[in-house]
Amino acid sequence: MSLVTAYNGLPVRVGVYLLVFWPTVGYYVYSDSETGGLSDPRLRGVAFGFLGIPGLLVDLSIVQRQN
């Protein structure tokens with residue numbers, strides 16, 4: 001069993017998801033946190049970036065609640 005076909009390609013799909021959405025969402029959350037003056041923009045960018053699209057939605061709801 002190779003890594004590509006293991007569990008119907010799940011490791012590959014997770015890897016591609018993290019490669020695409022982690023940097024994109026992470027940078028958006030980081031820059032938005034930095035301009036908004038929120039606490040610890042680097043940690044927020046890494047944490048919410050790891051979650052991807054759900055992390056972006058959570059961050060947007062937190063920022064909207066604070067405003």
Side-chain angles (χ1 to χ4, degrees):
M1 179 183 281
S2 72
L3 182 62
V4 176
T5 60
Y7 305 107
N8 292 326
L10 183 66
V12 173
R13 286 184 286 190
V14 169
V16 169
Y17 179 80
L18 288 175
L19 283 174
V20 171
F21 288 113
W22 192 342
T24 306
V25 172
Y27 180 73
Y28 174 77
V29 170
Y30 168 76
S31 63
D32 190 43
S33 297
E34 198 170 57
T35 58
L38 299 174
S39 64
D40 215 359
R42 284 186 188 168
L43 180 61
R44 290 174 68 94
V46 169
F48 288 127
F50 181 76
L51 294 175
I53 299 298
L56 177 64
L57 296 175
V58 169
D59 180 62
L60 289 175
S61 69
I62 290 171
V63 168
Q64 186 177 18
R65 250 189 279 145
Q66 288 180 348
N67 292 335

Practice task
Please say whether more than 12 non-hydrogen atoms of neighbouring residues, nucleotides or ligands are located less than 6.0 Å from CG in N8.
Solution key: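 Counting other residues, nucleotides and ligands, CG of N8 stays at 12 neighbours or fewer.
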Practice task
Might you point out which heavy atoms bring E34 and P41 nearest each other, and give the distance in Å?
Solution key: N-CB, 4.1 Å
Completion exercise
Minimal heavy-atom distance between P54 and Y17, with the atoms involved, is CD-OH, 3.5 Å
Practice task
Answer whether the closest heavy-atom distance between the side chains of V46 and W22 falls below 4.5 Å.
Solution key: yes
Problem - Minimum side-chain heavy-atom gap R13-V16 below 4.5 Å - result: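 A side-chain contact under 4.5 Å is absent here.
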Linking I/L/V/M/F/W/Y whenever any side-chain heavy atoms sit under 4.5 Å apart, do [X] and [Y] land together?
X   : Y   : result
I62 : V25 : yes
V63 : V29 : no
L51 : V58 : yes
L43 : L60 : no
I53 : L19 : no

Exercise for the section: Begin with the C-alpha distance, continue with both residues' side-chain angles, and end with the deciding distance and a verdict on side-chain contact (heavy atoms from CB on, under 4.5 Å) for F48 and L56. Expected result: CA-CA 6 Å; F48 288 127; L56 177 64; over 6 Å; no
Problem - side chain to side chain contact (heavy atoms under 4.5 Å, CB included) against Q64, all qualifying residues, sequence neighbours excluded - result: none
Problem - Separation between OH of Y27 and CG of D32, rounded to the nearest 0.5 Å - result: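 It comes to 11.0 Å.
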